[in-house]
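The structure appears below as structure tokens.
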Amino acid sequence: MALLLHHAHAWDVTPAQAVALQRTLAPLVREEPLVQTPRTIAGVDMSVREDQVQAAVVVLSFPDLLLIEQAIWRGPVEFPYVPGLLSFREAPAVLRALEQLQVQPDVLMTDSQGRAHPRRFGLACHLGVLLDRPVWGVAKSKLTGVHAELPAEPGGQVPLYSGKEEIGAVLRTRVRTNPLYVSVGHRITLPEAVALTFACAKGYRLPEPTRQAHLLSKKQNEQSG
DNA sequence: GCGACAG
DNA sequence: ATCTTGTCGC
């Protein structure tokens, strides 16, 4: 299925040009309520091995979280890892994997930051703006921002700030594990993103969409050698 | 100038 | 992200 991309642009850019693109696209991010409770949620992740990337996407039913469909795309690494420019390394591969799906998911969960980014334009925002669809990020570590101590109990959450601006939320899905950093990518509110993340947590630190996409990309990665 | 730094 | 074995604890 061909993807309808809004605001498409070149990916073979220099880091400086990438930063300029982020500044141009960031104002297009819309933090607004979902139109409907999602019936399908996609999880996307990527693994790297010997200059090859494997982007994986899994589509789960919601709230059942049963696997509906999955897709993989493999290709060469085209952009280095630079903190703040992750989307220029991962988005191209993720888009290729997404276009292989038979049915597009209602919302997407990424293993990255959304607005909790130096220029408020993490991978979740980039994918959201290009696809003009609901996307949010669930990262395993913090890129930017400050927050109060997080309660030890699962289900706890505290706001993530950049100055007085609330850019995301830090939440605990499981006891004695590191927190997760949730932020809006596009066309979803922070409370909705947090609620969906908790709703997708099934006893593991990572929510199912992202967790299964990670397992798939890693498996695919291993089978390639 | 000194840290911090998604994956 | 990736390199890597066993091991402590619920």
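Residue numbers begin at 1 in each chain, while the letters A, B, ... track the order of the sequences. Nothing here was measured: the structure is a model prediction, and the numbers come from that model.
Within the structure, a side-chain polar atom (N or O) of A:His214 is placed less than 4.0 Å from OP1 or OP2 of C:dA1. A sub-4.0 Å separation between OP1 or OP2 of B:dA6 and a side-chain N or O of A:Tyr181 is absent. Taking only side-chain nitrogens and oxygens, A:Ser141 comes nearer than 4.0 Å to OP1 or OP2 of B:dG7.
Atom CD of A:Glu149 sits in a sparse spot, with 12 or fewer heavy atoms from other residues, nucleotides or ligands closer than 6.0 Å. Environment of NZ in A:Lys218: sparse, with no more than 12 heavy atoms of neighbouring residues, nucleotides or ligands closer than 6.0 Å.
Atom P of nucleotide B:dG7 and atom OH of A:Tyr81 are separated by 7 Å, given to the nearest angstrom. Between A:Gln22 atom CD and B:dA6 atom P there is a gap of 14 Å when expressed in whole angstrom units. In this structure, A:His117 places its NE2 atom 12 Å from P of B:dG7, rounding to the nearest Å. The distance between atom CE of A:Met46 and atom C1' of C:dT2, rounded to the nearest whole Å, is 13 Å. A straight line from CD of A:Glu50 to P of C:dA1 spans 17 Å, rounded to a whole angstrom. Atom CZ of A:Arg174 is separated from atom C1' of C:dG9 by 11 Å (rounded to the nearest Å). Between A:Asp45 atom CG and B:dA6 atom P the separation is 15 Å, expressed in whole Å. The separation between A:His147 atom NE2 and B:dA4 atom C1' is 13 Å, rounded to whole Å.
Note: the hydrophobic cluster containing A:Leu127 also contains A:Val82 (ILVMFWY, side chain heavy atoms under 4.5 Å, direct or indirect links).
Within the nucleic acid shown, A:Gly137 has no heavy atom closer than 4.0 Å to any nucleic acid atom. Across all strands shown, A:Leu180 has no heavy atoms under 4.0 Å from either base or sugar-phosphate atoms.
Among the nucleotides B:dA6, C:dC10, C:dA1, the one closest to the side chain of A:Lys140 is C:dA1. Counting only heavy atoms from C-beta on, A:Leu143 has its side chain closest to B:dA6 among C:dA1, B:dG7, B:dA6. In this structure, the nucleotide among B:dG7, B:dC5, C:dA1 sitting nearest to the side chain of A:Arg89 is B:dG7.
In plain terms, the two heavy atoms of A:Leu21 and A:Ala10 that are nearest each other are CD1-O, 4.1 Å.
Taking the six-membered ring for Trp, A:Tyr161 and A:His147 have ring centres at least 6.0 Å apart.
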